[in-house]
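Below: one structure, written as structure tokens.
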Amino acid sequence: MTDASTPIIVGSDRGPRGAGDRPDNELLEGLNPPQREAVTYRGPALLIVAGAGSGKTSVLTRRIASLLWNREAWPSQILAITFTNKAAGEMRERVQHLVGDNAAQGMWISTFHSACVRILRREAQQFGFTKAFTIYDSGDSRALIKRLVKEHEADAFGLTPAAVQGKISKLKNELADAESYARSANMSDPAERIFVDIFADYQRALQRANAFDFDDLIAQTVYLFRAFPHVADVYRRRFRHILVDEYQDTNHAQYALIHELTQPLSEPEGESYGDSGMMIFDAPAADTLPAASLTVVGDSDQSIYAFRGADIRNITEFERDYPGAKVVLLEQNYRSTQNILSAANAVISNNFDRKDKKLWTDVGAGERIVGFTGYSQHDEAQFVADEIDSLRRAGVDYSQMAVFYRTNSQSRALEEIFIRSALPYKIMGGTKFYERAEIKDALAYLVAVANPADEMAVRRILNRPRRGIGDVTETAIARYAADEGITFRDALANSSVLGVGPKIQAGIAQLDAVLAEASEHMLPASGELAPPTAVAEGLQILLQKSGYLDALRASKDPQDEARLENLDELVAVAREFARNNPEGTIIDFLTEVALVSDADDLEDASGSVSLMTLHTAKGLEYDAVFITGVEEDLIPHRISAGEPGGPQEERRLFYVGVTRARQRLFFTLAMTRAQFGEVTVAMPSRFLQEIPADLIDWRQSPGDVNSRGGTQSRALNARRPGGGFGGSGFGTSRRYGEDLVPKSTSIERFANRIPAKVRDNGDLALKPGDRIRHDDFGEGRVDAITGEGAKRVAHVRFDKVGAKKLLVKIAPIEKIG
DNA sequence: AGAGTGCAGGTTTTT
DNA sequence: CCTGCACTCT
């Protein structure tokens with residue numbers, strides 16, 4: 001837009017532009033006909049079926065911009081839901097870019113969770129919470145559930161904390177509570193009865209702590225709307241245009257929330273809000289207020305969150321739920337080359353029960369997909385590192401490359417090789433900064449200040465740093481609090497009557513004083529605004545005066561230095577927060593911290609290769625993409641095999657990965673993979689067979705690695721710089737001669753045919769003392785045989801390279817003599 | 001109360 | 001393999 005600063009003047013009849021302007025023309029520039037339709041259609045309900053890379057974000061932002069430009073909506077009447085905070089930030093930026101900063105003021109663009117927190121903070125007092133409520137992350141609720149499972153001795157009935165937590169989460173996503181579940185469950189089963197008890201206790205504990213867990217944020221908002229129609233009406237009046245991205249991954253609770261918001265008013269406007277009667281006289285056109293308009297965007301082929309309750313039917317049955325809904329299909333892809341799209345189409349077409357949809361592009365075939373099979377996961381990682389290196393030399397920026405994997409544990413091998421190769425990389429979501437113990441401790445201090453009702457937080461910091469407070473003292477405090485009818489937090493103020501030793505008394509009194517001082521700093525008395533820096537300063541007061549930092553500094557544990565650094569970083573985060581939110585309170589800070597997700601901290605990834613799970617990759621795109629571990633039992637994951645719809649969801653996940661790539665796509669796998677310290681044999685993923693052979697250029701196909709006398713492992717090559725064997729492990733110089741590395745080979749030989757069988761020595765009989773010959777290591781003598789069946793391992797002392805462990809079943813070995 | 005040792009168990013994906 | 005946990009000892 002040419003004039004980004006033009007504000008919409010509230011209260012003026014005229015728009016920001018003269019009548020002769022045709023802003024829509026600008027907004028529609030460069031869009032294809034269906035995209036235009038998606039921007040300009042007006043009606044109660046619109047479903048945009050947007051294939052991968054079809055420009056849906058662009059369409060969504062322009063649709064919002066067009067509503068604002070045409071004066072069809074005030075910014076405050078718009079509610080846009082995205083999947084991550086990062087996506088929300090980007091969408092806000094793009095809308096601002098289109099209509100100007102001021103014209104975008106007041107829009108709600110956020111995740112479901114953030115939007116619900118905002119609503120709940122405003123309305124909490126309506127149903128027994130305060131606006132200072134805490135948000136429990138999965139770790140917090142697991143800790144609570146663990147305690148309850150113990151109390152109820154539920155483990156005797158096979159109820160593990162993890163199982164209970166999963167079940168509660170699932171039920172909440174279905175909007176069930178303990179009571180409604182009890183009605184449908186088989187209550188003659190004692191395990192069920194105990195589960196119901198735990199569920200009910202858990203919910204009571206949350207209420208008492210003035211806390212919501214993740215699932216509650218949505219479910220309780222729905223409950224609020226249903227129980228208090230006049231509250232729901234406030235938001236129905238306010239949000240006239242609701243837009244939901246990634247609709248295929250919404251669960252039932254989220255669906256219900258949107259449904260509530262798009263209902264007509266429960267009471268004619270102008271009457272009885274808050275029973276004040278204030279609005280009776282100024283409500284023209286009152287009862288004609290129609291339901292809000294709803295726009296949803298999604299692609300059922302990219303639904304990958306069924307495991308956490310996402311219901312694909314929300315999108316497939318949209319037309320039934322919203323009769324008269326308009327449907328627009330976006331099939332033209334603006335991201336990837338045709339080869340990549342052909343592979344994606346080929347794979348996804350194996351899912352039955354889906355509407356046929358084919359992505360297409362007019363940018364041309366592009367490069368072929370590159371395939372590589374490593375001997376081990378390190379071998380695989382080495383290939384990835386080498387290819388990244390040559391892409392970089394060819395001018396591709398590191399930030400435009402990404403490596404995906406199915407499970408987080410796969411990142412380790414990649415990381416090792418990347419460090420050795422001096423490649424800058426960033427692992428998204430792997431680190432879990434906010435799950436570190438010291439960070440959780442620091443946050444618990446803040447929670448203890450912001451929400452003194454949160455007993456879990458106070459208990460957590462009771463003896464951190466060590467104050468000599470153990471179980472006995474903790475129980476004494478709890479009893480005293482119960483006897484006096486005060487909170488656990490307030491009980492700390494009376495340490496002298498607990499009947500504990502003087503040293504412990506002093507410790508409690510000191511904790512109480514620190515919390516009080518920080519409270520004064522961060523929660524100024526009525527009406528006054530805390531300075532923007534209050535949170536960062538309060539945090540420093542807490543960490544300093546509680547002795548937490550001193551304890552770490554005095555520690556001998558080398559890890560504690562890293563902990564100190566992490567706490568420094570947290571303080572820096574608080575400062576940064578103050579900079580971005582001059583009026584942000586401690587509660588705002590805790591909210592932001594509680595709702596950050598893995599995909600949100602992509603910001604500083606510039607200049608680095610991004611490593612992430614396939615799930616985290618959703619919604620992102622890169623010039624070059626590596627999908628690693630393309631093996632059976634990994635993708636599709638073995639656990640998915642037993643779950644209904646599991647393999648299909650895995651296929652969609654793979655599809656999501658493939659469609660992230662713009663120019664270059666790599667599939668890599670390893671023939672053996674070590675997990676739990678054990679080596680297992682991996683089979684190529686079935687998804688590879690679903691891709692037409694001529695799309696993939698196998699640098700080293702699974703057949704090469706398996707067949708006897710085939711290509712030597714790069715990892716093995718790497719071990720012998722200059723020809724000789726380097727001995728144990730990888731050396732620091734991992735150069736290998738170019739001549740040893742098989743570069744591109746003809747498709748005729750290495751077509752995308754996965755051999756039906758891998759190399760298999762069967763039950764090759766070996767016993768200590770036998771001599772064998774190995775394709776790479778030469779001759780040696782068997783020292784011992786361990787393991788069973790397919791995992792039998794031969795411990796061999798080779799004449800030239802020393803001791804090695806080999807998987808008998810697949811190692812390229814034969815018995816001699 | 002706290003430190004240290006042994007053991008079992010767990011690794012799918014996450015707001 | 002590695003971690004987290006429970007139990008024991010000081």
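Chain A is the first sequence line, chain B the second, and so forth, proteins listed ahead of strands; every chain is numbered from 1. Quick caveat: nothing in here was measured; it's all calculated off a predicted structure.
- Taking the P atoms as reference points, dT13(B) lies 16 Å from dG4(C), given to the whole Å.
- Taking only side-chain atoms of R406(A), from C-beta outward, the nucleotide of dC2(C), dT12(B), dT15(B) with the closest atom is dT12(B).
- Taking atom CZ of residue R412(A) and atom P of nucleotide dC2(C), one finds them 7 Å apart after rounding to whole Å.
- dT14(B) atom C1' lies 12 Å from atom CD of Q165(A), rounded to whole Å.
- Taking every side-chain heavy atom of T111(A) into account, dT15(B) is the closest of dT15(B), dT13(B), dC2(C).
- Protein atom CD1 of I635(A) is 14 Å distant from nucleotide atom P of dT12(B), rounded to whole Å.
- Per the geometry, CD belonging to E649(A) stands 8 Å off C1' belonging to dT13(B), to the nearest Å.
- E380(A) contributes a side-chain N or O that, together with a main-chain N or O of G629(A), makes up a donor-acceptor pair within less than 3.5 Å.
- For F214(A), the side-chain atoms get nearest to dT15(B) when compared with the rest of dT15(B), dC2(C), dT14(B).
- The pair R406(A)-E650(A) counts as a salt bridge, with a side-chain nitrogen and a carboxylate oxygen less than 4.0 angstrom apart.
- With a 6.0 Å radius and a threshold of 12 heavy atoms from other residues, nucleotides or ligands, F307(A) has its CZ atom above the threshold.
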For this session: Could you walk me through whether T134(A) and N210(A) pass the side chain to side chain contact (heavy atoms under 4.5 Å, CB included) test, one step at a time?
Result: CA-CA 6 Å; T134(A) 332; N210(A) 191 30; 5.7 Å; no

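- The base of dT15(B) lies close enough to the side chain of H113(A) for a donor and an acceptor atom to sit less than 3.5 Å apart.
- With a 6.0 Å radius and a threshold of 12 heavy atoms from other residues, nucleotides or ligands, K167(A) has its NZ atom above the threshold.
- The stacking criteria are not both satisfied for Y305(A) over the base of dT13(B), which would need a centre-to-centre distance under 5.5 angstrom and an angle between ring planes under 30 degrees.
- Residue N408(A) places at least one side-chain N or O closer than 4.0 Å to OP1 or OP2 of dT13(B).
- Remark: N173(A) is not in phosphate contact with dT15(B), judged by side-chain N or O atoms under 4.0 Å from OP1 or OP2.
- Rounded to the nearest 0.5 Å, atoms OH (Y202(A)) and CG (L148(A)) are 9.0 Å apart.
- Here the side chain of E474(A) pairs no donor or acceptor atom with the backbone of I469(A) at under 3.5 angstrom.
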Contact list (N/O, under 3.5 angstrom) for nucleotides 5-10 of chain C vs protein:
from: dC5(C); atom 1: OP1; to: K146(A); atom 2: NZ; distance (Å): 2.9

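- In this structure F225(A) satisfies the ring pair (Phe, Tyr, Trp, His ring centres under 6.0 Å) test together with Y235(A), sequence neighbours excluded.
- Out of dT12(B), dC2(C), dT14(B), the shortest distance to the side chain of E650(A) is found at dT12(B).
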For this session: Could you run through nucleotides 1-10 of chain B and give me one letter per nucleotide, 5' to 3': B if any protein heavy atom sits under 4.0 Å from the base, S if only the sugar-phosphate is that close, - if neither?
Result: SSS------B

For this session: Determine, step by step, whether Y247(A) and Y255(A) satisfy the side chain to side chain contact (heavy atoms under 4.5 Å, CB included) criterion, reporting the C-alpha distance in whole Å, the side-chain angles of both residues, the deciding distance to 0.1 Å, and the verdict.
Result: CA-CA 9 Å; Y247(A) 194 67; Y255(A) 166 86; 3.5 Å; yes

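- For the pair S640(A) and dT13(B), the criterion of a side-chain N or O lying under 4.0 Å from OP1 or OP2 is not met.
- A salt bridge between D299(A) and K56(A) is absent, with no side-chain N of the basic residue lying under 4.0 Å from a carboxylate O of the acidic one.
- Rounding to whole angstrom units, CZ of residue F404(A) and C1' of dT13(B) are separated by 14 Å.
- Put simply, CG on L595(A) is 10 Å from P on dT15(B), counting in whole angstrom units.
- For the pair T84(A) and dT15(B), the criterion of a side-chain N or O lying under 4.0 Å from OP1 or OP2 is not met.
- One atom, CG of L217(A), and another, C1' of dT15(B), lie 9 Å apart when rounded to the nearest Å.
- If you take OH of Y136(A) and C1' of dT14(B), they are 20 Å apart, rounded to a whole angstrom.
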